[in-house]
J.: 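Just dropping this structure here.
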Amino acid sequence: MEFKKIGVIGAGAMGKGVCQSLAMHGMDALFIDIDAGALHNAKDEIGEALGMHSLLQTESVDVEACMSRIHCATSLNVLEDADFIVENITEKESVKSQLYPALDEICRADVCFAANTSVISITKMASWTKRPQNVLGMHFMNPVPLKPVVEIIKGHCTADTTLHAAQRFLKQMNKKGVIVKDLPGFVANRVLMLTVNEAIWLVHDCVAQADEVDRIFRSCFGHAMGPLETGDLIGLDTILLSLESLYQNYKDPKFRPCPLLCKMVDAGLLGRKTGRGFHEYFAKNAIPTAESACA
C-alpha cells in the first residue's frame, strides 16, 4: 500500500518539518492545528524553508508543487481520508489524552497513529484508543527534512503489521527507522535531555558561559550543534516538559531540571521560537550570538 494522504497534527517545529518532508516526497499533508494563525505562519515558514533547501542542498525542489501538497485545516474531520497519522502536539498527557479518542472516531479502522513524542509512554497513549495495535511512536529528529533516521517505538500492544507499515511510510520519505522499546525517553531523548540539562547546570554554576560550552562540543567532539544550541532549537519549554516527565516516570534525581532552565521558561526565553534562549536570534534561522546566563 502506498501512503498518499498523511495527517500531521500540530503546527510546531516538528509538525512543520514533517509536512515539509512529506511534500518534498510527493505526499499530501493534511496539516491540522486548532490555531489558524499558527497554521498560516507555519505554512509560510515551510515555504521559506523549501526555498532555502533548494539553495543549500544539491537536490532541486519545486517549491510551488510542494506547497500545493500542504492542506491546512483547524478541524480533525479532514482526517477521515488520511492513510497515516503523525501527531506532534505538546508533550502534555492531559492534552494528548483528549486527542486520541477523537482521532479514533474520525479515522478509518486500518489507519496507524504515530506519536512523535519524546518521552510519553506509547503503551499509555495506545490505551486511549480502540486500536492499540495500530499505535506506535515515531520520534523524528529536528530538522526533520535533513535527518535520515527516525526512532520507531513499539508499545506493548503494537502489532508487527503496524511496525512494517511505519517502515514503508518512512521509506516513502527516504528515511529509515530504528525500532526501540517503550520506556520514557526511549534512546535519543533519555540521553539528550540529560546532556542539555547538565550543560545548563554548567552555566548555572558559572563553570562556563553558554557559547563556551557549545564551542567545546562543536570543536572537540565534532557535533554540528552544542547542547545549549540544541536546547534552543528544540525549545526550552519542551526540554523542561521532557525532563519533568522523565523525572516523574523514573523517580531518578538525575532528571531534576536545573533551576536556571525553570527560570528561563518562566521568563519566556524559550530559544529560537522566541528569539532568545541561551543565545540570541535576530532573524529566523540566524546564527546565534552567545549571551551568558551567568552575569
J.: Decide yes or no for V180 and R190: does some side-chain heavy atom of the first lie under 4.5 Å from some side-chain heavy atom of the second?
T.: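 V180 vs R190: side chains apart.
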J.: Of all residues at least two apart in sequence or in a different chain, which pass the salt bridge (charged side-chain N to carboxylate O under 4.0 Å, His left out) check with K175?
T.: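 Listed in chain order: nothing, the list is empty.
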J.: Is there a side-chain contact between E212 and R215, using heavy atoms and a 4.5 Å cut-off?
T.: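 Yes, at least one pair of side-chain atoms sits under 4.5 Å.
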J.: Identify the heavy atoms of V61 and C66 that sit nearest to each other, and give their distance.
T.: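 In terms of heavy atoms, the two residues are closest at CG1-SG, 3.7 Å.
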J.: Using 30° and 60° as the class boundaries, would you call the ring planes of Y281 and H279 parallel, tilted or perpendicular?
T.: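 Ring orientation, 0 to 90° scale: perpendicular.
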J.: Supply the members, apart from V191, of the Ile/Leu/Val/Met/Phe/Trp/Tyr cluster built from side-chain contacts under 4.5 Å; use none for a lone residue.
T.: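 So far as hydrophobic clustering goes, V191 is joined with none.
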J.: What pairs with D35 under salt bridge (charged side-chain N to carboxylate O under 4.0 Å, His left out), at least two apart in sequence or on another chain?
T.: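 Listed in chain order: nothing, the list is empty.
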J.: Salt bridge check, D110 against R131: does any charged N sit closer than 4.0 Å to a carboxylate O?
T.: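 So R131 does not pair with D110 through a salt bridge.
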J.: List in chain and number order the residues that pass salt bridge (charged side-chain N to carboxylate O under 4.0 Å, His left out) with E105, two or more places apart in sequence or in another chain; answer none if no residue qualifies.
T.: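 Salt bridge (charged side-chain N to carboxylate O under 4.0 Å, His left out) check on E105 returns K130.
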J.: Check side chain to side chain contact (heavy atoms under 4.5 Å, CB included) between A126 and all other residues, then give those that pass, not counting sequence neighbours.
T.: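 A126 satisfies side chain to side chain contact (heavy atoms under 4.5 Å, CB included) with P132, V135 once adjacent residues are dropped.
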J.: Can you confirm whether L103 sits close enough to T129 that some side-chain heavy atom of one is under 4.5 Å from a side-chain heavy atom of the other?
T.: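 A side-chain contact is absent here, since even the closest heavy-atom pair is not under 4.5 Å.
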J.: Of the non-hydrogen atoms in M193 and L246, which two are nearest, and what is the gap between them?
T.: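 That would be CB-CD1, 3.9 Å.
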J.: Testing the basics here: between M173 and F140, what is the closest heavy-atom pair and its distance to 0.1 Å?
T.: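 Closest pair (atom of M173, atom of F140, distance): CE-CE2, 3.9 Å.
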J.: Would you be so kind as to tabulate the donor-acceptor pairs closer than 3.5 Å made by side chains of residues 1-11, with sequence neighbours excluded?
T.:
none

